[in-house]
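Okay, so here's the structure we're looking at.
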Amino acid sequence: MPRVAKPKAAAPAKKAVPAKKAKSKLYKMPEKVKEGTVFTDLAKGQWRIGPSIGVGGFGEIYAACKVGEKNYDAVVKCEPHGNGPLFVEMHFYLRNAKLEDIKQFMQKNGLKSLGMPYILANGSVDVNGEKHRFIVMPRYGSDLTKFLEQNGKRLPEGTVYRLAIQMLDVFQYMHSNGYVHADLKAANILLGLGKGGAAQAYLVDFGLASHFVTGDFKPDPKKMHNGTIEYTSRDAHLGVPTRRADLEILGYNLIEWLGAELPWVTQKLLDVPLKVQKAKEAFMDNIGESLKSLFPKGVPPPIGDFMKYVSKLTHKQEPDYDKCRSWFSSALKQLKVPNSGDLDFKLKAQTSSNNNLSPPGTSKAATARKARKIDSPVLNSSLDEEISASEEDEEEDKSYRKKTAKKVTPSARNAKVSPLKRVAPAPAAESSPPGRKRVKTEPKSTPKERATPKTSPKPKGTPKASPKPQTPTAARLRTPNAKINFSPSISLRGRPGGKTVINDDLTPQPRSKKTYEFNFELDVSMDANVIVNVKRKKKEEQDKATAVDSRTPSSRSALASSSNEQGSPVTRVNLRKVNGHGDSSTPGRSPRTPAVTVRKYQG
Ligand SMILES: Nc1ncnc2c1ncn2[C@@H]1O[C@H](COP(=O)(O)OP(=O)(O)OP(=O)(O)O)[C@@H](O)[C@H]1O
């Protein structure tokens with residue numbers, strides 16, 4: 001499981017330590033529970049706590065056994081009372097995962113098993129004086145990350161298709177109850193235990209489960225980018241829970257399990273959700289070509305069919321689960337892999353045209369090359385190479401990340417990316433939320449179907465190679481002296497419109513005639529006033545830092561005049577509201593996350 005953000009080790013502690021704030025002011029990690037402790041649930045059932053068997057981004061999971069019984073065949077998931085995810089998860093279970101309902105669904109759909117967990121009990125308990133919430137669930141086996149790690153980040157093709165079918169079953173169940181999962185990934189898929197258990201995979205972690213939308217597609221800044229960044233769907237990037245989003249998330253996972261690397265992983269974009277979002281838009285807009293790039297020896301047919309189908313679904317459309325499953329079961333027949341018996345995680349010789357076994361086209365470099373081809377041009381701004389975070393800003397960033405850092409998948413861990421990964425949900429709207437978490441980016445336009453910011457032009461036809469190194473601006477930015485220090489909590493992206501011109505002619509010292517032009521747009525991923533620090537790195541005594549508070553127009557004019565008075569190079573800062581079309585004139589948008597154009601020019 002992803003545990004980069006966790007402040008405590010997964011191993012069970014011998015002694016209890018006081019609850020620390022997790023990487024968030026809003027979520028705490030739980031107190032350690034001593035082995036042998038007995039929890040009493042709301043129905044007065046008693047559960048003896050065994051060893052810790054897992055730590056997630058929010059809570060800890062212990063093996064548990066019903067008092068009076070011998071087997072630790074249950075687990076207790078425990079989190080401080082104020083934490084949202086377990087609250088959401090518990091309510092999801094209580095409403096939608098009754099054993100009786102699950103059985104009924106299986107019967108109706110002719111299923112022998114279904115990878116849908118259920119809740120055995122729940123309650124509240126004081127641990128070291130801190131009130132905790134706990135749920136009790138059946139205990140399952142290993143999660144898929146173990147097998148991916150063993151197999152060099154891939155799974156046997158037949159197993160991938162079997163898992164796809166099983167996860168589609170679970171989605172169908174959840175969707176039929178009005179909910180989406182929104183966070184499928186290897187770490188949240190556990191094998192069953194016991195005899196025959198390994199034939200079925202279970203989808204766990206309903207901390208992000210929410211009602212899917214049935215009305216208009218309205219981006220919700222409070223939920224934008226929720227999920228695990230590698231797999232977050234385009235809809236989830238916009239904060240809109242949809243059924244097609246679950247399928248898209250599944251698709252990204254299937255691609256990875258088949259041994260290909262997702263372009264936004266290859267390009268190391270994971271720290272900047274907006275870039276990942278754009279990469280996904282570009283990827284899905286031209287899914288045929290995108291997949292060919294990832295699978296140069298031939299796109300596995302069910303993956304091609306499935307992803308194309310997903311790319312065409314509308315946001316309200318109920319997926320045709322049967323159709324999707326049929327693609328995977330046909331492929332299984334072709335591979336002569338029975339869709340029954342234990343799931344097989346041993347890689348064997350290549351059985352179909354996909355790239356499962358170390359194909360040349362999926363080497364890291366090759367994948368990177370291919371990924372660049374399908375990349376949206378705006379993603380490749382060479383600004384990334386020139387920008388660094390100042391120390392003070394890093395401090396700011398740390399506190400921001402404390403609020404946002406949640407889940408990181410193993411691949412993200414390996415890539416040593418920031419813990420800004422899964423973003424937790426605010427608890428379900430219909431229940432009173434114990435600990436809300438808000439993560440914000442600029443509000444997008446309200447799209448009919450799906451919003452794509454104008455700054456990310458959709459590729460038409462075959463995507464072209466990125467213009468990154470070729471643009472004059474980009475080339476100038478490569479000059480080592482050209483550097484902007486800014487808080488990495490604010491993402492920066494190339495944008496054809498707004499630009500910053502730093503005219504070096506203003507410097508009162510002998511200077512070069514170089515001109516640096518920066519094109520960027522600030523994407524502020526938080527609900528806050530924005531301070532833009534424009535710092536010119538020159539000789540020490542001439543260093544000037546200018547702070548601009550974006551709250552009011554008056555502060556903007558104050559800035560311009562104060563800059564002039566001090567005789568420093570004039571810095572003009574234009575703030576404007578952004579809508580999804582990059583049009584500043586449209587009224588009615590929130591002013592909280594403005595795009596900022598900073599222009600330095602000869603006064
Ligand atoms: N029912 C279960 N049986 C056995 N192990 C489990 C069970 N549920 C969870 N685990 C283990 O605990 C780990 C964390 O679980 P889970 O994902 O539910 O916690 P979390 O706090 O929501 O984590 P995160 O949100 O960071 O993914 C899992 O990866 C798995 O190893």
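Keep in mind that the numbers below use all heavy atoms, side chains included, and drop hydrogens, waters and symmetry copies. Residue indices begin at 1 and follow the sequence shown. Indexing begins at 1, ligand by ligand and atom by atom, following the structure's order.
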Under the side-chain contact (heavy atoms from CB on, under 4.5 Å) criterion, do Tyr231 and Leu250 qualify, and how do the steps go? CA-CA 8 Å; Tyr231 316 113; Leu250 173 64; over 6 Å; no
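- At a 4.0 Å heavy-atom cut-off, ligand 1 touches Asn188 through the side chain alone.
- The distance criterion of under 3.5 Å between nitrogen or oxygen atoms is met by Asp205 with respect to ligand 1.
- When Val55, Asp143, Val136 are ranked by how near their heavy atoms come to atom 31 (O) of ligand 1, first place goes to Asp143.
- Atom numbering of ligand 1 starts at 1 in the shown order; those under 4.0 Å from a heavy atom of Gly54 are 12 (O).
- Polar contact with ligand 1: absent for Arg139 (N/O pair, distance under 3.5 Å).
- The side chain of Lys77, and not its backbone, has at least one atom closer than 4.0 Å to an atom of ligand 1 (non-hydrogen atoms only; side chain from C-beta on).
- Using the six-membered ring where Trp is involved, Tyr202 and Tyr140 have ring planes that are parallel, under 30° apart on the 30 and 60° scheme.
- Taking any N or O of Tyr140, backbone or side chain, at least one lies under 3.5 Å from an N or O belonging to ligand 1.
- Residue contacts with ligand 1 include Ala187, since one or more of its heavy atoms lies under 4.0 Å from the ligand.
- The ligand atoms of ligand 1 that sit less than 4.0 angstrom from a heavy atom of Ile53 are 4 (C), 5 (N).
- Those atoms of ligand 1 with a heavy atom of Val75 less than 4.0 angstrom away are 1 (N), 2 (C), 3 (N), 4 (C).
- Side chain to side chain, His315 and Asp235 fail the donor-acceptor criterion of an N or O pair below 3.5 Å.
- Aromatic ring centres of Trp47 and Phe134: separated by at least 6.0 Å.
- By the criterion of a heavy-atom distance under 4.0 Å, the side chain of Leu190, and not its backbone, is placed next to ligand 1.
- Under the 30°/60° scheme for interplanar angles, the aromatic rings of Phe87 and His91 are found to be tilted.
- Residues Thr232 and His225 bring no donor and acceptor atom of their side chains to less than 3.5 Å of each other.
- Residue contacts with ligand 1 for Pro138 involve N, CA, C or O but no side-chain atom from C-beta outward (heavy atoms, distance under 4.0 Å).
- Using a 4.0 Å cut-off between charged side-chain N and carboxylate O, Lys77 and Glu89 make a salt bridge.
- Under 3.5 Å, the side chains of Glu248 and Ser233 contain no donor-acceptor pair of N or O atoms.
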